[in-house]
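Data block below; observations after.
Residue indices begin at 1 and follow the sequence shown. Computation of the quantities below employed the complete heavy-atom set of this structure, encompassing side-chain atoms and omitting hydrogens, waters and symmetry-equivalent molecules.
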Amino acid sequence: MGIPKACSPVGRLRAWLVFFAIVAASLASAGVAQQTSDLKTASSMMRFSDITSAAGVNFQHLASHTSKKYLIETMGSGVALFDYDDDGRLDIFLVNGAALSDPMPATSIPQKVDSRYWNRLYHQKPDGTFEDVTERAGLRGSGYGMGVAVGDYDNDGFEDIYVTAFGGNKLYHNNGDGTFTDVTAQAGVGGEGWSTSAAWVDLDNDGLLDLVVLRYLDWNFADIWCGEHREGYRSYCTPDVFHQVAPLVYHNDGNGHFTEISHKIGLAEAGKGLGIAVADYDNDGRIDVFIANDSMPEFLYHNEGNGRFKEVGLLAGVAVDAEGHAFAGMGVDFADYNNDGRPDLLITDLADQMYALYRNNGDSSFDYETHASGLDRITMPHSGWGFRFVDVDNDGWKDLLIAQGHDLDNIQLTFPNLRYREPLLLLKNTGSKFIDVSKDAGSVFQREWVGRGLAIGDLDNDGRLDAVVTTNDGPAYVLHNDTETQNHWLTLQLIGHKSNRDAIGAAVKCVTAQGPQFATVTTAGSYLSSSDKRLHFGLGSEPSAKTIEVQWPSGIHQVLQNVKADQNLRVDEPLDKNAAAKSLR
């Protein structure tokens, strides 16, 4: 049947409809072809390899699974990348579980009964391999470990470690000689109940890092049957079975002691917190806090500037998804993925929920961008935990590396289309959408793990960001970024003087001929984990950054000009605003 003759209005209309249909089909075909081309180009560039064994890391997380299916067995655990001995090389800290009996007395506290359950510190040697220095460092740990947060709370130049657990949290002071001292009692930060993620952040800009500690559920080892009452179908209980609890907020008093102030400052809503991230989302010069809650609305705490915070998640549009449904918030990152100068949010969750991406509109509100970004189709069948926005190929756009795996070990009995073990997910940021390039990014993406924690950092200082991933009741994996690219990069280590020494909360703008990029200094984000505090910028083909602007937590604004690419650069906070005006060439 041919195109009708244009001898009548109806004929002309039919002709135009057919014409438009042909054009639309052609454009769609071209779009698919272009996307396929983009996918091929992106995947051929971005690659990771598993160097765990060669690096000398042999950590094994022990969840101590029981027939009673205690919920805590499904959750752990975290990892930290940081330079504990200030030798310029990143080290690895890994959190472990504890021994569980089957059954456990309801109110009992698990113990690390032998060395198999210790947390582990791996020191990086000059040749790039790692040595286990846990015992010498004094970091065996206690309780059923969950998360880790790294920050220099006393501004002495050495990174301290806070470890969360069920059974009491621990603060380890870095002595600067390769050892740590447990100062939990005198610091007053032991906490109680089941703690998960934590974040070091200067909430009041007094130059001292405070500590926000999430707690998950009002929970103990009571024997509660969940799931079907037939062999093999008993399941781990969902969080809906248990009551939520409020986070703990410890103010740094500056004398080695902290004071709990959650109610005083208004950061005390009861939740089911698993992930925490910080950024100044409305660019008012004050750091804000986001908490990922499991199976209830998410929390966004706005810093009011008067010593108090206000929970505005629902008002800002980040509490629920586009249909108004709560989801199982687990991992989170608070970063500017589209380079418009405004921190955005991504929260990972369970399969059939889609990872929740919220684009910052710049007016204190966010739009749910999961569908527009392409994350809906990609993430619907997956369960995500630790992740970070990370520029894998140094092209100036932040990509996504996500650890995945369901929490229910028998999920396939009731949902055959879902999986307990899942491969990592690597998503290329094209500037408008995310494309799944996992398939061609290395054999590590073909393996199926029960992924949990993930931390990012440049382990070998080659300008490409690497990762360490933990698995539940399995090994930790050290992943080296093997991406072959001619793109340039710049890594900044900010040193605060009037601000906190780690410069946590500092906002940085990096401008090249290709445009601006923005980042916030933080070790928080992901899930139960702590990443390298250094800021990394991919510069694409540009051999230098035109300007680097640093907005320090103290309020000092510093501008560096004509900064050469392909270097790890230390940037010290000026002691006064006049010094800040000087350029670095």
Side-chain angles (χ1 to χ4, degrees), residues 50-81 84 91-105 108-124 129-148 161-172 178-180 182 184 194-196 220-221 236 385-386 403 405 407 409 420-421 447-455 468-478 527-530:
D50 177 5
I51 63 167
T52 312
S53 179
V57 175
N58 57 0
F59 176 81
Q60 177 76 24
H61 176 259
L62 296 176
S64 299
H65 290 302
T66 68
S67 66
K68 302 299 181 183
K69 290 190 176 288
Y70 298 117
L71 182 57
I72 200 169
E73 300 167 16
T74 70
M75 306 302 292
S77 62
V79 54
L81 289 180
Y84 81 90
D91 309 299
I92 305 172
F93 182 82
L94 293 152
V95 183
N96 210 341
L100 302 181
S101 60
D102 193 0
M104 287 283 285
S108 59
I109 300 299
Q111 302 297 324
K112 297 185 184 298
V113 296
D114 58 54
S115 60
R116 293 176 301 159
Y117 299 95
W118 290 356
N119 303 327
R120 294 286 173 176
L121 176 64
Y122 289 92
H123 171 254
Q124 185 176 173
T129 63
F130 292 81
E131 57 180 336
D132 186 340
V133 296
T134 306
E135 195 163 14
R136 182 168 78 241
L139 293 172
R140 297 179 180 181
S142 63
Y144 197 106
M146 293 296 296
V148 55
I161 305 174
Y162 188 75
V163 183
T164 65
F166 181 86
N169 307 325
K170 293 290 184 180
L171 175 60
Y172 297 99
T179 68
F180 291 78
D182 180 354
T184 310
W194 184 353
S195 298
T196 55
N220 61 27
F221 285 98
Y236 292 100
W385 300 77
D407 60 335
D409 56 358
Y420 176 51
R421 300 178 183 277
R447 304 182 198 171
E448 295 184 341
W449 301 338
V450 188
R452 292 297 185 261
L454 178 146
V468 177
V469 178
T470 67
T471 63
N472 182 261
D473 206 42
Y477 295 93
V478 183
Y527 170 75
L528 302 179
S529 299
S530 186

Short question: side chain of Thr134, backbone of Leu139 - any donor-acceptor pair under 3.5 Å?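 It does not hold such a pair.
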Donor-acceptor contact below 3.5 Å, side chain Lys170 vs main chain Tyr162: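 No: the side chain of Lys170 does not pair with the backbone of Tyr162.
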What I'd like to find out is whether the side chain of [X] reaches to under 4.5 Å of the side chain of [Y], using heavy atoms alone.
| X | Y | result |
| --- | --- | --- |
| Asn96 | Lys112 | yes |
| Arg421 | Trp449 | no |
| Lys68 | Ser101 | no |
| Val148 | Thr164 | no |
| Val450 | Tyr420 | yes |
| Tyr236 | Asp407 | no |
| Tyr117 | Ser64 | yes |

Inter-residue atom distance [X].[atom1] - [Y].[atom2], 0.5 Å rounding:
| X | Y | atom1 | atom2 | value |
| --- | --- | --- | --- | --- |
| His65 | Thr74 | NE2 | OG1 | 8.5 Å |
| Leu121 | Tyr172 | CG | OH | 11.5 Å |
| Phe166 | Met146 | CZ | CE | 10.5 Å |
| Leu454 | Leu528 | CG | CG | 11.5 Å |
| Tyr527 | Thr470 | OH | OG1 | 8.5 Å |
| Ile161 | Phe93 | CD1 | CZ | 5.0 Å |

When the side chains of residues 55-63 are checked against the rest of the protein, which donor-acceptor pairs come out under 3.5 Å, sequence neighbours left out?
residue: Asn58; atom: OD1; partner: Tyr122; partner atom: OH; Å: 2.9
residue: His61; atom: ND1; partner: Asp473; partner atom: N; Å: 2.8

Closest non-hydrogen atom pair, Gly453 against Ser529: CA-OG, 3.5 Å
Exercise: identify the closest heavy-atom pair between Gly145 and Ala165: CA-CB, 3.9 Å
Only counting residues at least two apart or in another chain, list the ones meeting salt bridge (charged side-chain N to carboxylate O under 4.0 Å, His left out) with Asp409.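 Lys69.
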Output all residues satisfying salt bridge (charged side-chain N to carboxylate O under 4.0 Å, His left out) with Asp114, sequence neighbours left out; order by chain, then residue number. Arg116
